[in-house]
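Just so we're clear, the structure is a prediction, and the values are computed from it rather than from any experiment. Just follow the structure's listing: the first ligand is 1, and inside any ligand the first atom is 1.
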Amino acid sequence: MKLSIVLSTQPASFSALAYKGELETNLAKIANLGYDGVELAVRDPKLLDAGHVSRIVEQNGLEVPAIGTGQAYGEEGLSFTHSDATIREHAIERIKSQVDLAVAYSAIVILGLIRGKVETGVQRDQALDWLVEALRECANYASPKNIKLALEPINRYETDLIITVSEGLELIEKVGADNFGLLLDTFHMNIEEPSIEQSIRNAGNRIFHFHIADSNRWYPGAGHLDFKRIVEVLDNINYAGYLSAEILPLPNPDTCAQETKKTMSGLLVDLN
Ligand code: LER
Ligand code: MN
């Protein structure tokens with residue numbers, strides 16, 4: 001398993017971002033702290049100079065394991081389950097453009113809040129149908145480009161569509177695409193899963209990506225989650241992807257990044 005941390009390429013209202021903007025400075029810091037990769041949170045690939053970003057990523061010897069896309073929902077209201085067909089279509093087009101961006105890094109494209117919610121006046125079954133339809137279209141688009149999509153079960157306070165790992169696994173069955181899997185996030189699992197350990201086992205090889213944050217969404221070690229056990233279980237199921245820190249920038253960005261690296265490297269070394 002390798003370690004990464006989330007950096008937002010644009011200003012964003014979402015709070016659990018250790019680093020925002022200032023790519024040159026922040027990517028150098030992340031590399032100097034010993035991270036293997038940086039997860040990029042991108043609102044709209046059109047707002048990025050992708051060549052420039054790739055050069056800085058490469059200069060710092062970092063990988064980009066995944067691209068987060070939730071800001072298109074948070075800042076612009078795009079969603080796969082909006083009652084307005086034009087907005088659903090824009091959400092799909094936005095994800096296709098994220099797939100194109102991901103090709104340069106062989107990164108996983110994260111589908112978080114862009115799934116939307118069951119809107120007032122919309123039946124749950126209708127929302128789920130729109131969701132499955134959108135996911136199939138995006139997975140079909142991504143497949144020949146060898147890009148994987150990972151849907152994240154997100155806690156009940158942020159959405160009401162796919163909040164648990166078992167709902168995520170049911171959705172995978174419905175979508176039926178090999179390049180469609182899950183992103184598990186310890187912060188959400190701590191709220192929704194009866195057992196974090198059992199849910200990780202149930203998801204098994206459908207775990208494409210993994211977010212780490214402690215129970216309070218601070219850096220691992222600042223709350224009450226048992227990261228030693230979480231890492232052991234991931235190792236047991238042969239998870240070989242990234243552990244990506246999606247954490248509040250507290251007490252400040254550099255300290256939370258340092259503390260995450262210290263705690264997680266210690267646990268990963270213990271596995272060997
Ligand atoms: C995004 O990865 C996430 O975990 C959500 O809480 C975004 O709102
Ligand atoms: Mn997350």
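At a 4.0 Å heavy-atom cut-off, ligand 1 touches Arg217 through the side chain alone. Of the heavy atoms in Phe187, none comes closer than 4.0 Å to ligand 1.
Of all N, O or S atoms in Asp185, the one lying closest to the Mn ion (ligand 2) is OD2. Restricting Glu152 to its N/O/S atoms, the shortest distance to the Mn ion (ligand 2) is reached by OE2. Minimum-distance N/O/S atom of His211 relative to the Mn ion (ligand 2): ND1. Looking at Glu246, its N, O or S atom nearest to the Mn ion (ligand 2) turns out to be OE1.
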Carefully, step by step, assess Phe227 and Met264 under the rule side-chain contact (heavy atoms from CB on, under 4.5 Å).
CA-CA 8 Å; Phe227 280 96; Met264 299 312 295; 4.2 Å; yes

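With hydrogens and angles left out, the side-chain atoms of Gln126 and Asp129 include no donor and acceptor closer than 3.5 Å.
With respect to the salt-bridge test (charged N to carboxylate O, under 4.0 angstrom), the residues Lys2 and Glu63 qualify. Taking 4.0 Å as the cut-off between side-chain N and carboxylate O, Glu133 and Arg136 do not count as a salt-bridged pair.
Considering Gln71, Glu39, Lys20 in turn, Gln71 is the only one that fulfils the side-chain hydrogen bond (donor to acceptor under 3.5 Å, both in side chains) rule with Ser8.
Selection from Glu39, Glu158, Glu246, Gln71 by nearest heavy atom to atom 7 (C) of ligand 1 gives Glu158. Relative to atom 5 (C) of ligand 1, the option among His209, His188, His211 with the closest non-hydrogen atom is His188.
Within a 6.0 Å radius of CG in Asp49, more than 12 heavy atoms belonging to other residues, nucleotides or ligands are found. With a 6.0 Å radius and a threshold of 12 heavy atoms from other residues, nucleotides or ligands, Lys145 has its NZ atom above the threshold.
Less than 4.0 angstrom separates some heavy atom of Leu113 from each of these atoms of ligand 1: 7 (C), 8 (O). Distances below 4.0 Å separate heavy atoms of Asp185 from the following atoms of ligand 1: 4 (O).
Between the CD atom of Glu89 and the CG atom of Asp84 there is a distance of 11.0 Å, given to the nearest 0.5 Å.
Among all non-hydrogen protein atoms, the one lying nearest atom 3 (C) of ligand 1 is Glu152 OE1, 3.3 Å.
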